[in-house]
There are 2 protein chains.
Amino acid sequence: MNLKQLSQLLGLSQTTVSRALNGYPEVNAETRQRVLEAVRETGYRPNRAAQRLATGRAGSIGLVMPTADSIESDVHFGEFLAGLGDEAVKHDFHFVINPSPPEEETATCRRLVASGNVDALFLAYMREKDPRIAMMKSLKTPFVVHGRSIGIPTDYPYLDIDNTGAFYDAARLLAQLGHRHFALINGPDYLTFSIRRTKGTMRALAEHGLTLRDDCISNSQMTDEHGFRAMERFLQLETPPTAVLCSSTVMALGAVRAINQAGLKLGSDISLIAHDDVLPMLKPENFMVPLTTTRSSLRAAGQRIARRLIADILQIETLPQQELWKTDLIVRASTGPAPSGK
Amino acid sequence: MNLKQLSQLLGLSQTTVSRALNGYPEVNAETRQRVLEAVRETGYRPNRAAQRLATGRAGSIGLVMPTADSIESDVHFGEFLAGLGDEAVKHDFHFVINPSPPEEETATCRRLVASGNVDALFLAYMREKDPRIAMMKSLKTPFVVHGRSIGIPTDYPYLDIDNTGAFYDAARLLAQLGHRHFALINGPDYLTFSIRRTKGTMRALAEHGLTLRDDCISNSQMTDEHGFRAMERFLQLETPPTAVLCSSTVMALGAVRAINQAGLKLGSDISLIAHDDVLPMLKPENFMVPLTTTRSSLRAAGQRIARRLIADILQIETLPQQELWKTDLIVRASTGPAPSGK
DNA sequence: CCCAAAATTCAAAGCGCTTTGGATTTCCTT
DNA sequence: AAGGAAATCCAAAGCGCTTTGAATTTTGGG
């Protein structure tokens with residue numbers, strides 16, 4: 001069933017039916033009713049490809065998903081996607097997900113936009129001097145970056161959380177509690193959020209006359225296993241850290257296991273603060289020793305970005321082009337004063 | 001830059017250029033070279049919407065993602081998606097993800113197909129007598145179900161793991177080890193995989209003259225928190241279970257925590273077997289007490305389903321329409337003989 | 001050197017929808 | 001009752017690509 005058939009059925013022109021469906025004013029109220037009625041009965045659905053070709057709009061937002069056999073799936077990606085979904089469904093948008101090996105990401109983005117398949121693009125997993133930003137600026141397709149790059153002008157639309165601030169706050173608290181030996185279990189070193197978190201940590205330490213030793217930083221994918229290994233390594237140092245910052249509750253899981261295994265008490269022998277993306281799967285308050293965290297909902301970020309993207313496309317509202325969200329520092333039992341021995 | 005402009009630039013007709021690009025035989029090798037060269041220089045990309053309209057093919061596979069503010073994102077979804085992505089990227093396919101509140105899933109599927117936006121559909125989160133299957137069979141769009149329904153003829157394309165068998169094997173092992181009191185921490189009760197897992201467990205128990213008490217079954221979303229709560233509840237029964245089956249390593253995480261908290265030793269006081277979807281984020285061998293598991297890679301399932309879907313669309317190969325994968329039962333330290341006291 | 005067959009290339013007809021520019025009716029004002 | 005504005009509705013022109021049917025050029029055999 002297509003427009004032509006439907007209009008013949010109704011004895012109307014395609015023009016009128018199309019207008020009736022898309023809410024244009026120049027159509028008789030009664031006629032519109034008849035059209036809507038017929039649509040309900042026939043189950044007619046406009047062909048999106050045709051619609052897209054005619055309007056140039058696609059009703060969808062694109063994202064490229066980094067993937068490869070060797071790449072581990074990222075819990076955080078799913079959670080973020082859920083947020084995008086919440087908002088997208090309200091406006092009948094969908095996503096076009098284009099998987100891509102990471103090294104071809106820029107090209108994949110470009111292709112995705114050029115294909116006319118998407119009205120807007122979402123960019124994540126930002127790196128230093130990320131080439132995707134310049135590329136997107138050169139096109140006229142709206143886009144929003146989740147995170148921010150480093151080393152290039154910050155004149156593009158983004159939504160980021162204050163990673164520097166979050167880890168600064170966390171490190172400062174631990175320093176105030178008397179801790180002297182710090183460690184950081186961070187995400188991949190080529191991603192900007194990791195870089196900022198390292199910076200925030202170092203800044204706080206510097207203010208207290210402390211430093212973060214190289215062998216007390218771990219960069220890796222954010223999995224339980226890497227968290228465990230990193231912590232295990234830290235604990236074997238001659239002066240092991242008593243204060244640990246961790247970029248994800250998933251990694252904290254492994255870290256805590258290593259701590260227990262070493263026979264140490266979390267919250268007294270060693271303090272830990274993790275960043276909490278509010279993954280429903282894993283809540284910091286449910287840890288055996290509830291975790292002190294810096295918190296910011298990934299899902300909320302997804303919702304917000306979808307909303308901004310859609311607002312851009314549909315021109316329905318004007319939202320700020322740049323947003324930097326503060327994180328909450330929530331103190332629970334995993335942090336305590338530095339053990340007196342050291 | 002579109003086809004028309006490109007062909008004018010080359011002094012050729014659109015027809016010839018189109019054919020050169022799509023690998024048709026009736027075009028001079030030299031001409032084809034010139035065309036490809038020009039494409040490289042101009043960066044021309046065919047407009048997918050137009051292509052789709054003309055061919056009827058979309059180059060994409062659709063899936064509806066259950067979502068709502070109240071719904072928790074599912075780790076397993078992300079992992080599966082990664083699998084789909086691995087395979088899709090090889091054939092330059094992408095996904096169209098249509099978020100939908102669960103109660104409208106059938107309608108959303110129908111709309112997605114009718115929109116002409118997808119060449120094939122992927123169905124998951126199967127329920128009993130799932131209406132989506134009948135609906136998809138009535139359309140001619142290829143589809144593959146991940147899982148199987150219950151209570152309707154099994155004459156549709158699916159890929160499922162042998163959930164019944166997996167939990168049968170697991171329960172039998174525990175029974176053979178002398179356990180008498182069982183519990184099951186399962187997924188949502190309306191999903192068929194949960195139903196089958198319950199069935200498999202009960203069957204094994206029955207063969208040993210045992211039963212699974214109602215208050216020893218927990219059905220919930222598969223999160224750490226629910227695992228913890230369920231186990232906590234079990235341990236408060238007058239005769240607590242000594243053998244526990246668990247539908248996900250994520251829930252096992254919480255369950256193990258509850259066990260530790262109760263001062264019990266996993267593997268001696270209480271035995272636990274979890275189903276392992278091979279989530280890179282959380283490996284059963286890394287648990288403090290490594291977990292005995294039934295294993296089947298979710299990501300591999302995603303890859304396989306994508307491959308079948310694409311094979312269906314492109315008619316490149318003929319793959320089996322129905323597949324039931326056996327799971328591996330891998331024994332680690334979390335299982336041991338029933339404690340002699342009981 | 002001529003003619004049929006093979007190899008290339010092209011013009012034009014859609015695919016299903018939106019939208020422009022007009023045509024036709026209806027309604028109101030004077 | 002006439003004239004003009006408002007309200008409705010319509011025919012037709014694209015959107016950018018694929019594909020059919022035909023035209024043109026090359027090739028090969030007699």
Side-chain angles (χ1 to χ4, degrees), chain A residues 1-36 38-39 42-60 92 111-119 140-141 313-314, chain B residues 1-36 38-39 42-60 92 111-119 313-314:
Chain A
M1 168 68 53
N2 56 25
L3 225 211
K4 191 171 181 181
Q5 293 167 19
L6 184 67
S7 58
Q8 274 167 357
L9 190 96
L10 284 161
L12 289 169
S13 73
Q14 296 190 39
T15 313
T16 305
V17 177
S18 171
R19 283 183 169 149
L21 290 173
N22 295 315
Y24 281 73
E26 61 267 75
V27 53
N28 192 310
E30 191 186 341
T31 308
R32 189 187 305 267
Q33 279 315 311
R34 273 181 57 217
V35 172
L36 292 177
V39 166
T42 60
Y44 165 80
R45 292 285 161 195
N47 179 311
R48 283 270 203 175
Q51 227 167 11
R52 173 172 320 180
L53 185 56
T55 60
R57 264 180 285 109
S60 67
D92 195 26
R111 204 176 322 143
L112 192 54
V113 171
S115 78
N117 250 335
V118 299
D119 298 321
K140 61 262 156 269
T141 301
I313 298 168
L314 265 34
Chain B
M1 169 68 54
N2 57 24
L3 226 211
K4 191 170 180 180
Q5 293 167 19
L6 184 67
S7 58
Q8 275 168 357
L9 191 94
L10 285 161
L12 289 169
S13 72
Q14 296 190 40
T15 313
T16 304
V17 177
S18 171
R19 283 184 170 148
L21 290 173
N22 295 315
Y24 281 73
E26 61 268 73
V27 53
N28 193 311
E30 191 187 341
T31 308
R32 189 187 306 267
Q33 280 314 313
R34 271 181 57 216
V35 172
L36 293 177
V39 166
T42 61
Y44 164 79
R45 291 286 161 195
N47 178 311
R48 281 272 201 176
Q51 229 167 9
R52 173 172 319 182
L53 185 57
T55 59
R57 264 179 285 111
S60 66
D92 195 26
R111 205 175 322 143
L112 192 53
V113 171
S115 76
N117 250 336
V118 300
D119 298 321
I313 298 168
L314 267 32

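Note on naming: letters A, B, ... go to the chains in the order of the sequence lines (proteins, then strands), and numbering restarts at 1 for each one.
- In this structure, B:Y24 does not reach the D:dT18 phosphate: none of its side-chain N or O atoms is under 4.0 Å from OP1 or OP2.
- When every heavy atom of B:V118 is checked against every heavy atom of B:L112, the shortest pair comes out as CG2-O, 3.9 Å.
- Atoms CG (A:N2) and P (C:dG14) sit 14 Å apart, rounded to a whole Å.
- Rounded to whole Å, atom C1' of C:dG14 lies 16 Å from atom CD of B:Q51.
- What separates CD of A:Q14 from C1' of D:dA13 is a distance of 12 Å, to the nearest Å.
- An OP1 or OP2 oxygen of D:dT18 is reached within less than 4.0 angstrom by a side-chain nitrogen or oxygen of B:N22.
- Protein atom CD of A:E26 is 14 Å distant from nucleotide atom P of C:dG21, rounded to whole Å.
- When each of C:dC15, C:dT9, D:dT8 is scored by its nearest atom to the side-chain atoms of B:A54, the top-ranked nucleotide is C:dC15.
- If you measure from atom CE of A:M1 to atom P of C:dC15, you get 15 Å, rounded to the nearest angstrom.
- For A:L6 and C:dT18, the CG to P distance is 12 Å, given to the nearest whole Å.
- Rounded to whole angstrom, the span from the CD atom of A:Q5 across to the P atom of C:dC15 amounts to 10 Å.
- Side-chain nitrogen and oxygen atoms of B:Y44 include at least one within less than 4.0 Å of the OP1 or OP2 phosphate oxygen of D:dC17.
- Under a 3.5 Å cut-off, the side chain of A:R32 and the backbone N or O of A:Y24 do form a donor-acceptor pair.
- Residues A:R48 and A:G59 come closest through the heavy atom pair NH1-CA, 3.9 Å.
- One N or O donor and one acceptor, one from the side chain of B:T15 and one from the base of D:dT19, sit under 3.5 Å apart.
- Summarising the geometry of A:N2 relative to A:Y44, their closest heavy-atom pair is C-CE1, 3.6 Å, with the distance given to 0.1 Å.
- At a threshold of 4.0 angstrom between heavy atoms, the contacts of A:T55 are confined to the sugar-phosphate backbone, with no base atom among them.
- A sub-4.0 Å separation between OP1 or OP2 of C:dT9 and a side-chain N or O of B:T16 is absent.
- Taking side-chain N and O atoms only, A:S18 has a distance below 4.0 Å to OP1 or OP2 of C:dT18.
- With B:V17 as reference, B:L3 is the one residue of B:L3, B:V27, B:N22 to meet the side-chain contact (heavy atoms from CB on, under 4.5 Å) rule.
- Across the protein-nucleic acid pair, A:R19 atom CZ and C:dC17 atom C1' stand 13 Å apart, rounded to whole Å.
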